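Please read the structure below before turning to the comments.
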Amino acid sequence: MRLRVEFTTEPFDLDEAPAHAVVAREVIQSAELDAVDVGPFGNTAEGGADEVLTAVGSLLRRALASGATRVSLQVNVIGEEGR
């Protein structure tokens, strides 16, 4: 199964990326995922179910530990592996 995760972290800071946002992006960019897209108001990544779920767990733990007060995420099934 393939999954897509979309997420944001809060609180927002339009002047400088907060530590929790930087950490969340680093987690996603270093995970074994495809189609990673990071931006100032949302981030998206796709990959195999195990890889996405592992990355989401790490993202939640590390972003909260780095000062996030809220993490909003959505996970969607986008297809089967190998299709």
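Computed from a predicted structure; not experimentally measured. In this chain, residues are counted from 1 in sequence order.
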Do Leu3 and Val56 have side chains that approach each other closer than 4.5 Å (heavy atoms only, starting at C-beta)? no
Could you report the tightest heavy-atom contact between Asn43 and Gly39, atom names first, then the distance? OD1-N, 3.2 Å
Single hit among Thr54, Ile28, Thr44 for side chain to side chain contact (heavy atoms under 4.5 Å, CB included) with Leu33: Ile28
ILVMFWY cluster, Val52 and Val38 together (side-chain gap under 4.5 Å): yes
Same apolar cluster (I L V M F W Y, side chains within < 4.5 Å links), Phe12/Val71: no
Atom CD1 of Ile78 and atom CZ of Arg2: how far apart are they, to the nearest 0.5 Å? 4.5 Å
So which atom in Arg62 and which in Val23 form the shortest heavy-atom distance, rounded to 0.1 Å? CB-CG1, 3.5 Å
Is the number of heavy atoms from other residues, nucleotides or ligands within 6.0 Å of CD (Gln29) greater than 12? yes
For Pro11, is there any backbone N or O sitting under 3.5 Å from a side-chain donor or acceptor partner on His20? yes
For Asp34 versus Gly47, what's the shortest heavy-atom pair and its separation? OD2-CA, 3.6 Å
Return the CG to CD distance between Asp37 and Glu6, rounded to the nearest 0.5 Å. 10.0 Å
Compare every heavy atom of Ala63 with every heavy atom of Thr9, then report the nearest pair and how far apart it is. CG2-CB, 4.2 Å
Minimal non-hydrogen separation, Val36 against Ala45, with atom names: CG2-CB, 4.0 Å
